[in-house]
Protein chains: 2
Amino acid sequence: MKEYRSTKEDSLEEFVKKCKECGLKITPQRISIYKEVLNSENHPSAEIIYRRIKRIHPGISFDTVNRTLLTLSEMGLLEIVEGSGDVRRFDPNNKNHHHFRCKKCGKIVDFYNESYDKLEVPDYLKKKFIINKVRVLLEGICDNCINKTQD
Amino acid sequence: MKEYRSTKEDSLEEFVKKCKECGLKITPQRISIYKEVLNSENHPSAEIIYRRIKRIHPGISFDTVNRTLLTLSEMGLLEIVEGSGDVRRFDPNNKNHHHFRCKKCGKIVDFYNESYDKLEVPDYLKKKFIINKVRVLLEGICDNCINKTQD
DNA sequence: TCCTAAATAAGAATTATTACTATTTAGGTT
DNA sequence: AACCTAAATAGTAATAATTCTTATTTAGGA
């Protein structure tokens, strides 16, 4: 079986398809933003993406970037990271994964764990709510911050 | 075994003790804020707490409320809810629990699940990071929003 | 090619959060 | 009980983040 969204080409195809499904127009800005965020390793904020996109579209407005990112997340093409009241950050990782979050520096680290992936949702919750996502969130102090504290 | 922080009286005692441990002064404002947030059912923002506290301390500033809430969370007496780039919200629930979050309205619902409580953290993460908290985060649409959509 | 609703740019407005500073106060000391 | 001092607070001001407004442009269907 072909892996879901395995290459950038597949990715773009899928994007175009998804836009049409949703009745959204395919604009150069959207394509650039989509590609940029999908290639981001660490969970970028709208501001970060904005600065990168400006190199391609110098006249683009922050609002367009931000709005597009929100649109993409509504389309299910990326997710909003569960933060803690800091700036909103986006998660382009479409593989099933989980998060570690550093309390000190706010860094979010993706990790993979099969047993976490298999977690069952309690029946009474399934009945009451529509559940789209199950994610384990670890919180603590990252390696960098541990070392810093020792100084 | 006596349950940890089971009553309001215990709670206040513990608060005073904890403040002293941390070298923090016990002020009427702090006590009020602490009590207020601990009695909050649904995860309040600083703004919400501020409005409630004003009924007791009409002259209190927002900054004091916000700063105090952040202090309390640093002391480990409450937690910051993992949101999605919206306003910072606080979680006074000190029992081991997990969260469901509604994508539409942003509501956070606490729930309890023993098997989730027992989740093991992978060794390689334990070695690299200090892990303080393991929480399962479910995401989807809540009952209210499901009904609204049907209109 | 034309048309129209959707999308964008630009900047204003709003909202959330943090910083600054003069004043007050908790709590230790005498 | 009065005094002292560092910490905490009130009252803004400043900053940062996010959303809104409006005139203009454009994607994509007719």
Side-chain angles (χ1 to χ4, degrees), chain A residues 12 15-34 36-37 43-51 53-75 77 80-90 104-106, chain B residues 12 15-34 36-37 43-51 53-75 77 80-90 104-106:
Chain A
L12 197 53
F15 177 62
V16 171
K17 189 171 147 240
K18 192 99 189 185
C19 281
K20 288 187 176 166
E21 274 172 27
C22 300
L24 298 175
K25 290 178 179 174
I26 296 153
T27 67
Q29 292 93 332
R30 273 190 182 148
I31 290 173
S32 292
I33 293 167
Y34 176 72
E36 185 58 49
V37 74
H43 314 83
S45 64
E47 183 64 34
I48 296 281
I49 297 296
Y50 171 58
R51 279 193 227 133
I53 293 293
K54 267 183 116 166
R55 298 200 290 243
I56 308 163
H57 300 275
I60 203 166
S61 70
F62 174 81
D63 187 48
T64 296
V65 174
N66 189 50
R67 198 169 12 78
T68 301
L69 289 168
L70 292 173
T71 303
L72 293 176
S73 73
E74 275 175 24
M75 292 163 76
L77 294 172
I80 297 173
V81 172
E82 66 289 345
S84 289
D86 42 1
V87 303
R88 184 188 288 127
R89 288 160 66 187
F90 297 90
K104 292 275 182 203
C105 67
Chain B
L12 196 53
F15 176 61
V16 170
K17 187 171 148 241
K18 194 100 188 186
C19 280
K20 287 185 175 167
E21 273 172 28
C22 299
L24 298 176
K25 291 178 179 175
I26 295 152
T27 67
Q29 292 92 333
R30 273 189 183 150
I31 291 173
S32 291
I33 292 167
Y34 176 71
E36 185 58 50
V37 74
H43 313 83
S45 64
E47 183 65 34
I48 296 283
I49 297 295
Y50 172 58
R51 279 194 226 131
I53 293 294
K54 267 183 118 168
R55 298 199 290 243
I56 307 164
H57 299 276
I60 203 166
S61 70
F62 174 81
D63 186 47
T64 295
V65 174
N66 189 50
R67 196 167 14 76
T68 300
L69 289 168
L70 291 172
T71 303
L72 293 176
S73 75
E74 275 176 23
M75 294 163 74
L77 295 174
I80 297 172
V81 172
E82 68 287 348
S84 289
D86 42 2
V87 301
R88 185 188 288 128
R89 287 158 68 186
F90 297 89
K104 291 276 181 201
C105 66

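Between the C1' atom of D/dT9 and the NZ atom of B/Lys54 lies a distance of 15 Å, rounded to the nearest Å. Per the geometry, NZ belonging to A/Lys20 stands 16 Å off C1' belonging to C/dA6, to the nearest Å. B/Ile48 has its CD1 atom 12 Å from the P atom of C/dT17, to the nearest Å. Atom CD1 in B/Ile80 sits about 12 Å away from atom C1' in C/dT17, given to the nearest Å. When the P atom of D/dA17 is taken as reference, atom CG of A/Asp63 falls 16 Å away, rounded to whole Å. Nucleotide C/dA16 holds its P atom 14 Å from the OH atom of B/Tyr50, rounded to whole Å. Counting to the nearest Å, the C1' atom of C/dT17 and the CZ atom of B/Arg89 are 17 Å from each other. Look at CD on B/Glu47: it is 10 Å from C1' on C/dT15, rounded to the nearest Å.
Of all nucleotides listed (C/dT8, D/dA8, D/dA10), D/dA8 comes nearest to the side chain of B/Leu24. For A/Leu70, counting side-chain heavy atoms from C-beta on, the closest listed nucleotide (D/dA10, C/dA16, D/dT19) is D/dT19. Closest to the side chain of A/Phe62, out of D/dT21, D/dT18, D/dA8, is D/dT18. Closest contact between the side chain of A/Thr68 and the listed nucleotides D/dT9, D/dT19, C/dT8 involves C/dT8.
Within the 4.0 Å cut-off from OP1 or OP2 of D/dT9, at least one side-chain nitrogen or oxygen of B/Arg67 is found. The phosphate of D/dA17 (OP1 or OP2) has no side-chain N or O of B/Arg88 nearer than 4.0 angstrom. Taking 4.0 angstrom as the limit, B/Thr64 places none of its side-chain polar atoms (N or O) nearer than this to OP1 or OP2 of D/dT9. Proximity of B/Asn66 to the phosphate of C/dT18: a side-chain N or O atom is located under 4.0 Å from OP1 or OP2.
When each of B/Ile48, B/Ile53, B/Val65 is checked for a side chain to side chain contact (heavy atoms under 4.5 Å, CB included) with B/Glu36, only B/Ile53 meets the rule.
Between A/Ile26 and A/Lys20 the shortest side-chain heavy-atom distance falls below 4.5 Å. Looking at heavy atoms from C-beta onward, B/Ile80 lies in side-chain contact with B/Phe90 at the 4.5 angstrom threshold.
The aromatic rings of A/Tyr34 and A/Phe15 sit parallel, their planes meeting at an angle under 30°, below the 60° perpendicular limit.
Residues passing the side-chain hydrogen bond (donor to acceptor under 3.5 Å, both in side chains) test with A/Thr64, sequence neighbours excluded: A/Ser61, A/Arg67. Every residue two or more places apart in sequence or in another chain was checked for a side chain to side chain contact (heavy atoms under 4.5 Å, CB included) with A/Glu74, and none qualifies.
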Write out a two-atom table: protein N or O, nucleotide N or O from nucleotides 24-26 of chain D, distance below 3.5 Å.
none

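No donor-acceptor pair closer than 3.5 Å links the side chain of B/Arg89 to the backbone N or O of B/Val81.
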